[in-house]
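Below is one structure; the comments refer to it alone.
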Amino acid sequence: MPRKYPIEKIRNIGIIAHIDAGKTTVSERVLFYTGVSHKIGEVHTGDTVMDWMEQERERGITITSAATTAFWIPTYRKGDKAFEHSINLIDTPGHIDFTVEVKRSLRVLDGAVVVFDGVAGVEPQSETNWRYADEYNVPRFCFINKLDRMGASFTKSFQSIIDRLTPNAIPIQLPIGLEADLKGVIDLLENKAYGFEGEHGEKIIELPVPEAMQAEVAKARHELIEKIVENDDALMAMYLEGKEIALADLKRVLRVGVIANKVVPVMCGSALKNKGVQFMLDAVVDYLPAPTDLPPVKGHDPKTGAEIFRHATDNEPFSALAFKIATDPFVGTLAYFRNYSGVLKRGSYVLNSVKDNQERIGRVVRMHANDREEVEEIYAGEIAAIVGFKNTTTGDTLCDIEAPLILEKITFPEPVIGIRIEPKTKADQEKMGIALHRLAEEDPTFRVAGDIETGETIISGMGELHLEVLVDRMKREFNVEANVGRPQVAYRETIMGEAEGEGKYIKQSGGRGQYGHARVRVKPLERGAGFVFLDEVKGGAIPREFIPAIQKGVKEALDKGIVAGYTMTDVEVTVYDGSFHEVDSSEAAFKIAGSMAFQEAAKRAKPVILEPIMNIQVIVPENFMGEVTGNVNSKRGRIEAINDRPGLKVIDAKVPLSEMFGYATELRSMSQGRGSFMMEFDHYEPTPSNVAQMIIEGKKR
C-alpha cells in the first residue's frame, strides 16, 4: 500500500505542560476539530479520550502519555484536501512523579506545544519539561491557555516565559479581552482579529481590530517582524528599506527560526471555552518541523562504534527507537516506536541491536489513545506500536538485520522513594511477581528489589503518588491484593576521603584450597558520577582473568553499603596490587578478596549517608506566609526565593525528602486548605551527623 501522506506533511508533536495547565483539554479540542472524535471529552466529567485509564479519570490528571493520529487542513486553506497534514500527537502528564513519560516522548518527537496556565504563567514542571526539550533540541511554540479565568494575564504569563525560560519568545497573537470578557484573538502577522462562534467555537469569524488596541497591536507587530527578519538577510534588507514584506515570506522565515530554535512563537486562547485551538493547529502545520526538516538521526555501529546517520526517507535501511512499553489487557505487550528511516512491514523480522536478538513483526497498530487500528506498513517519520514483542524494552533500537546500528538511549532519573509490599494471600504471591515485572517493564523509573536480610519486596519510584498509582494498577489490572508499608527514603552512601584497603581470602581444607589477595584504593567522585573501576595491576601480580571477579566483589560490597546498608555511589575503586597461588586461586576467592579489600578501604575513607534533597514550591495566600516559611525552616529547609502572584506568595525552597512525608495535610491545616505545593528531586547531599545516627539506629531496629 503506498504512503497516504508524503513525509513533508507529517508532524510528530507532543503537548507538554505543568499539571493543571490544560494539556488534556487542549488535546480533546484537537481531536474534536480534526474529526477524530465527535464529542468533546472533559477532564472534570471524566470522559476524555486521551485520559483513558480509570486512575486518570478519577484523579483528573494525566498519568501515562497517550498517542493518537489526527488530520488537519489549515483554516486558511478551507477544505482543500491537497493541504491536509497528518499529525501524530502525544499528550503527556504534567505531574512530576510521571516525568519519565515526558522525557521519553520528547526523545522521539519533532516538535512540541508548551501549554501554560494564563493565571500562573511558568510553573516548576514547565521548567523541567522545557529543560528536557532543550536537552533533545526540540523546536516548540507556546500556547497561553485559560485566559478566561479570574486573574488571567497574557502580559504577565508572557513575561514569565521571557524571565524563566527563553529570551527568544515573541507573541504572534494577542487576546481580545481577558477573563469573562475574552472575545477572541488578534493574528499579528495578518493584522486581523478573529472570534469563535457556534456551540463548540467551530465557526471562525473575522472581527475588526478593537480601536483601543490598535497602538498595542502595531507595536507588537513591529517587534514580531523585527524578530523574524533577523533570520534572513534578504528580508532584513527589505525591512531596513521600509518595504512591506509579503505574509508568505514572513511565515516561511518564521518557520526557519522556529526549527532552528532561535524563535519561540507565543499564542493564546482558552481551550475550555473553545477559543484559539484551530489557530494552534495551523501553527503546528506552519511552523513545527516535518521529519525531513531535521538533521538525520545519529547512531553508532554495534561492532566498531563508528558513527552512522540515517535520513528520514523510505529508501534507507529501517531504523526505529522503542520509546514506551505498555501492557494492554486485550492484546498483551505493546511496544510504541518511532520510525526514523525505511519501511516496516508486517511479517518481517527486525534486529533489536541493543539486546542483539531478532524479533518478528506480528501485528502493527496505529494508536488512538487506547484504541488500535491495524496497519500493514509503517513508513519513515511515523509513530506506531508493535504487538507481542518478547525482549524489547524502553530505549531499545530496532533496525534492519543487514544494517545494524544503535541509536542514542534515553537516560532516566533514579527513584527516590521506596515502600515495602507483600501479597495478602498465598494466591496473590505468584501473581504479584508477574504484575511487578510487567509494571517495571513499562516504567523505567519503577524498580523492584528484594531486601536480602528481611526477605521483603521493596518497590521504588519517583514519589508517593507514583507508587500509589502503581499499587492501584496492580489491584485493578492484575487482581493482586497487597499490603503496603510506610514510604521510605532511598538513601545512598558515599565516601568523603581517600584510603587503601587489603583483602586476603585463604581457605585450606582437604584437597584444593582457596586463595585470593587484592589491594585497592578508593576515592570520592562528584555527585551523580556513579561507580568507576580501574585496573592498575603491574607485572602480572594478579592474572588478567581474575580482575573481573574482583570488580564483581567490589560491586556486591557497594550494593550492601558500609554505614547503614544503603547502596554506595560516586566512588572510584582502583585495584593496584595483590598476589595469587598457582593452584588454589579461583574467581570465587578473588571475588571475596575484592569485597573484603573494598570494605576495609571504604571504612577508612570517611563514609557518609546521602539523602535526596527536593526542590519544592509552595503557593499560599499572603496572610499564611509567616507560618509556612517557619515550618519549611523547621524541616531543615533552605528558602531560596519568595515571589509574588496576585494575592499569593510563591516560596521556592530545598528540603530533604525525609521531612516531606505527610506535608500535604500539614499545609492544608496551616493555610485553611488554600495552599498547594509541588515537589521534584534536585540532588543528593550528605546528612548531618545527628540525622545519620537516627537513620543507622532505625535500620538496626
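Sequential numbering from 1 along the given sequence is applied to the chain's residues.
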- Message: For the CD atom on E199, are there more than 12 heavy atoms of other groups (residues, nucleotides or ligands in this structure) within a distance under 6.0 Å?
- Response: no
- Item | E197, CD: over 12 other non-hydrogen atoms inside 6.0 angstrom |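 Incorrect, the count does not exceed 12.
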Between [X] and [Y], does at least one N-O distance fall below 4.0 Å, as a salt bridge requires?
| X | Y | value |
| --- | --- | --- |
| D134 | R140 | yes |
| K649 | D644 | yes |
| D472 | K475 | no |
| R366 | E382 | yes |
| D110 | R338 | yes |

Note, [X] side chain near [Y] side chain (heavy atom, < 4.5 Å):
| X | Y | answer |
| --- | --- | --- |
| M614 | D682 | no |
| V263 | N231 | yes |
| V266 | I170 | no |
| D652 | N643 | yes |
| V264 | I161 | no |
| Y287 | L254 | yes |
| I176 | V185 | no |
| E190 | L247 | yes |

With distance as the sole test, does [X] use its side chain to make a donor-acceptor pair with the main-chain N or O of [Y] at under 3.5 Å?
| X | Y | result |
| --- | --- | --- |
| N274 | S270 | no |
| R107 | F323 | no |
| D232 | V229 | no |
| Q278 | K203 | no |
| S157 | G118 | yes |
| Q173 | C268 | yes |
| D282 | T75 | yes |

- Query: Between N129 and H18, is a side chain to side chain contact (heavy atoms under 4.5 Å, CB included) present by the stated rule, with each step listed?
  - Reply: CA-CA 8 Å; N129 292 345; H18 183 89; over 6 Å; no
For [X] against [Y], the heavy-atom pair lying closest together:
| X | Y | value |
| --- | --- | --- |
| A152 | L178 | O-CD1, 3.7 Å |
| L470 | L439 | O-CD1, 3.8 Å |
| A193 | I186 | CB-CG1, 3.9 Å |
| L174 | A220 | CD1-CB, 4.1 Å |
| F154 | L147 | N-CD2, 4.0 Å |
| T69 | S86 | CG2-OG, 3.7 Å |

- Message: Assess the residue pair E640 and K654 against the criterion (salt bridge (Lys or Arg N to Asp or Glu O under 4.0 Å)); give the C-alpha distance rounded to whole Å, side-chain angles, the decisive distance to 0.1 Å, and a yes or no.
- Response: CA-CA 7 Å; E640 303 207 314; K654 300 259 194 297; 3.0 Å; yes
Find the distance between [atom1] ([X]) and [atom2] ([Y]) and round it off to the nearest 0.5 Å.
| X | Y | atom1 | atom2 | value |
| --- | --- | --- | --- | --- |
| L89 | I383 | CG | CD1 | 9.5 Å |
| K227 | I225 | NZ | CD1 | 14.5 Å |
| R221 | N191 | CZ | CG | 5.0 Å |
| Y239 | E230 | OH | CD | 9.5 Å |
| T34 | E84 | OG1 | CD | 9.5 Å |
| I204 | F279 | CD1 | CZ | 4.5 Å |

Pair [X] and [Y], ring centroids less than 6.0 Å apart:
| X | Y | result |
| --- | --- | --- |
| F158 | F116 | no |
| F32 | H200 | yes |
| Y379 | Y5 | no |

- Given the rule in the salt bridge (Lys or Arg N to Asp or Glu O under 4.0 Å) test, do K192 and D187 qualify, once you have shown the distances and angles that lead to the verdict? CA-CA 5 Å; K192 288 178 181 173; D187 184 316; over 6 Å; no
- Can the positive tip of K275 be found less than 6.0 Å from the middle of the six-membered ring of F196, inside 45° of the ring normal?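 So K275 doesn't make the cation-pi contact.
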- Check step by step if salt bridge (Lys or Arg N to Asp or Glu O under 4.0 Å) holds for K219 and E223. CA-CA 6 Å; K219 180 173 178 280; E223 285 169 8; 3.2 Å; yes
